[in-house]
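So the structure is just underneath, and the comments pick up after that.
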Amino acid sequence: MTSEQYVIQQLQAFLKKHRIQDITISLQKPKEEQFGDCSTNLAMQLARHLHKKPLDIATEIQQSFRIDLRYISKVEIAGPGFLNFFVANQNLYEQLSHILKIGRQFGRSEQAAGKRAQIEFVSANPTGPLTIGHGRGAVLGDTIARLLQAIGYEVTREYYFNNAGRQMRVLGESVRLRYLELLGQNIEFPGDHYQGQYIIDIARTIYEEFGDRLQKETDLTLFKDRAEQSIFDDIKHTIKRLGFEFDVFFNERSLYEEGKIDAVVQGLREKGLIEEREGATWFLTSKLGFDQDRVFIKSSGEPTYRLPDTAYHVEKIKSGYDLIIDIFGADHIATYPDVLAAVRALGYDVDKIKVLINQFVTLTENGQKVKMSTRKANFITLDELMDEVGVDVTRYFFLMRNMNAHLNFDLSLARKQSDENPVFYIQYAHARIKSIMALAVSKELKWENKARPEMLKAEEEINLIKHLIEFPKAVEGSALNYEPHRLVNYLFDLATLFHKFYTVCRVITEDHEMTLARLNLIDATRIVIANGLELLGISAPEHM
RNA sequence: GCGCCCUUAGCUCAGUUGGAUAGAGCAACUGCCUUCUAAGCAGUGGGUCGGAGGUUCGAAUCCUCCAGGGCGUACCA
């Protein structure tokens, strides 16, 4: 049992004794050390119910609280009626050895065991390399997947794409024109076609294979297919470099082939939510409380994205996932309310679907904003970014901030000062520990299960232990809120506490007992940092 | 106009779901390497939490209004 669990147990006993219900006990971690390790505002909450002064109630609770030195050393009343609890060191030592005992498992839990989650992200159509903008979604998605796995979910990473439609025709035509250029034709390349160098590269491979045999070819299929294949190969390579792979690539086309699209239209039509008008097929969103109707099928006969997206989400729900996560960029904000409305109108429970929107990455270079556009090719690719700063910095950068805040990515800073990136601060703590442990091993020191943890009494040591044992809560909070940056902040704070400890407390000394105790402490720290970085997909280096 | 998001130190951002004296990193300044890695540590300065009301024991956090910025608001995805 942790100290917190003991506190809650005692407080619940108090509530039961006084027959008080409908109160949820909340424990906070005070910012100030003098206010203890955890505190509760229960007395203030109860003041209204019991018609007594908060301070009087606090005193009652304090008097009924049974101090057990295995968990809590003292209880104090402070301020307007806070009850502050101080953790007994004995409990810290027990939890420290618990960390050492379970090692890599520390931080993982089974609370979502048996549940399945699907997370769809990136989902860029194969019209060009992944950009820094996609990178944010990619890293967030993979990390949230890792976090969900850490609390027991079985997770499927899914990439949804569409290789049909107008943009793919433009892509094919772009390649064809570049191919004709290679044949020496004078081509005026349209401004609204894909401008990137990669188009020329693809055209060249076609030229090398076919020579001029495609000169009269007007069917775009071959150009389109070659481009798609080449671009997808690149995308998969980039993803792999980032440190993960998708389990499923879901082609939108399969929804048509299996009749899912028609089923959606039919289903909504039966509900009176479909209408033909001006040659197009409309989804009557206005009947569902929205301000305007939306086109489902254009007068050209091609569906808009809303229709297949709806069919796709119906399929997700039918697959029986307990949790369905979509990660979109901010430019898709307007799309999901209609899609979810359609899914709901078809009678499905959309509560399992969580739509996470990540705000844009604003690129600045030399103080100037860089506008990114795949078509204009003035983007920085994710690969180029990783070439510049490495995978660890790339991932850390995308994870360190709340996803619904804009990410200001200063390219010149990322290039020039990449060794000042905070990720190195965390990795450095790990490398320092490995270095000490290597020295200990060379001195044939064996610390496992032989140390006396009660030797660890210095403020730096106690603070470090207290933070280490918060790790499972940090993982859980990060996972349940889909907020990787919380874990990043936790690890940064942990590194700070370790560096402080390192400066003040020498690990390997003449004092054998103390040496073993501290080796245990840094070993536990190493475990937590490594486990944490693993969840972020960032390496934990032995040397730096 | 409407919808979603953002506004906290000079800059970039945290702030554990309403708690006690609002934090960190950069940038500036001052110290600390004969000892396990100085990619580190200690310290100084820096704030009307965009503004105004409201809710209550208590608000950066919740509600309303206003201002500024971003993204949408397509028979593009």
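Each chain gets a letter, A, B and so on, in the order its sequence line appears, and its residues count up from 1.
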Nearest whole angstrom, please: distance from the [atom2] of [N] to the [atom1] of [X].
| X | N | atom1 | atom2 | answer |
| --- | --- | --- | --- | --- |
| Met403(A) | rG70(B) | CE | C1' | 17 Å |
| Asp493(A) | rU16(B) | CG | C1' | 11 Å |
| Leu487(A) | rU16(B) | CG | P | 16 Å |
| Leu171(A) | rA77(B) | CG | P | 15 Å |
| Gln427(A) | rU37(B) | CD | P | 17 Å |

By the 4.0 Å heavy-atom rule, please label [X] as base, sugar-phosphate, or nothing.
| X | answer |
| --- | --- |
| Thr304(A) | sugar-phosphate |
| Tyr425(A) | sugar-phosphate |
| Lys29(A) | base |

Worksheet item: Which way is the base of rU17(B) turned, syn or anti, if we draw the line at 90° from 0?
Response: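 Syn conformation for rU17(B).
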
Worksheet entry | Syn/anti label of rC62(B) as read from its glycosidic torsion, with the cut at 90° from 0 |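 Anti, angle beyond 90° from zero.
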
Discussion item. Name the residue from Tyr159(A), Tyr482(A), Tyr160(A), Phe246(A) that meets the ring pair (Phe, Tyr, Trp, His ring centres under 6.0 Å) definition with Phe121(A).
Written reply: Phe246(A)

Can you find an N or O donor on one side and an acceptor on the other, under 3.5 Å apart, linking the side chain of [X] with the base of [N]?
| X | N | value |
| --- | --- | --- |
| Asn84(A) | rA20(B) | yes |
| Ser39(A) | rA20(B) | yes |
| Ser300(A) | rC75(B) | no |
| Asp331(A) | rG72(B) | no |

Pairwise [atom1] distance, [M] and [N] [rounded to whole Å]:
| N | M | atom1 | result |
| --- | --- | --- | --- |
| rA74(B) | rG58(B) | C1' | 49 Å |
| rA77(B) | rU73(B) | C1' | 15 Å |
| rG46(B) | rC4(B) | C1' | 34 Å |

Looking at [Y] and [X], is any side-chain nitrogen of the basic one under 4.0 Å from a carboxylate oxygen of the acidic one?
| X | Y | answer |
| --- | --- | --- |
| Glu173(A) | Lys224(A) | no |
| Asp37(A) | Lys466(A) | yes |
| Glu120(A) | Lys316(A) | yes |

Searching all strands shown, indicate the nucleotide that pairs with [N] (Watson-Crick or G-U wobble; both distances under 3.5 Å).
| N | result |
| --- | --- |
| rU16(B) | none |
| rG45(B) | none |
| rC62(B) | rG54(B) |
| rA22(B) | none |
| rU7(B) | rA67(B) |

Discussion item. Take a 6.0 Å sphere around NZ of Lys53(A) and say whether it holds more than 12 heavy atoms from other residues, nucleotides or ligands.
Written reply: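 Incorrect, the count does not exceed 12.
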
Worksheet item: If you pin Arg432(A) and Met44(A) to their nearest nucleotides in RNA chain B, which one's is more 5'?
Response: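 On the 5' side of the pair lies Met44(A).
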
Item to complete: Hey, which sits more toward the 5' end of RNA chain B by its nearest nucleotide, Ser435(A) or Gln292(A)?
Response: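 Its nearest nucleotide lies further toward 5', so the answer is Ser435(A).
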
Worksheet item: For Glu444(A) and Lys446(A), what are the C-alpha separation, side-chain angles and deciding distance, and is it a salt bridge (Lys or Arg N to Asp or Glu O under 4.0 Å)?
Response: CA-CA 6 Å; Glu444(A) 297 186 356; Lys446(A) 291 201 168 57; over 6 Å; no

Discussion item. Whether Tyr502(A) contacts rA38(B) is assessed here as follows: a side-chain N or O lying under 4.0 Å from the phosphate OP1 or OP2. Is that the case?
Written reply: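 So the side chain of Tyr502(A) is within the cut-off, an N or O lying under 4.0 Å from OP1 or OP2 of rA38(B).
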
Worksheet item: Stacking check: are the rings of Phe82(A) and rG19(B) less than 5.5 Å apart at their centres and under 30 degrees in tilt?
Response: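 Base of rG19(B): not stacked against Phe82(A).
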
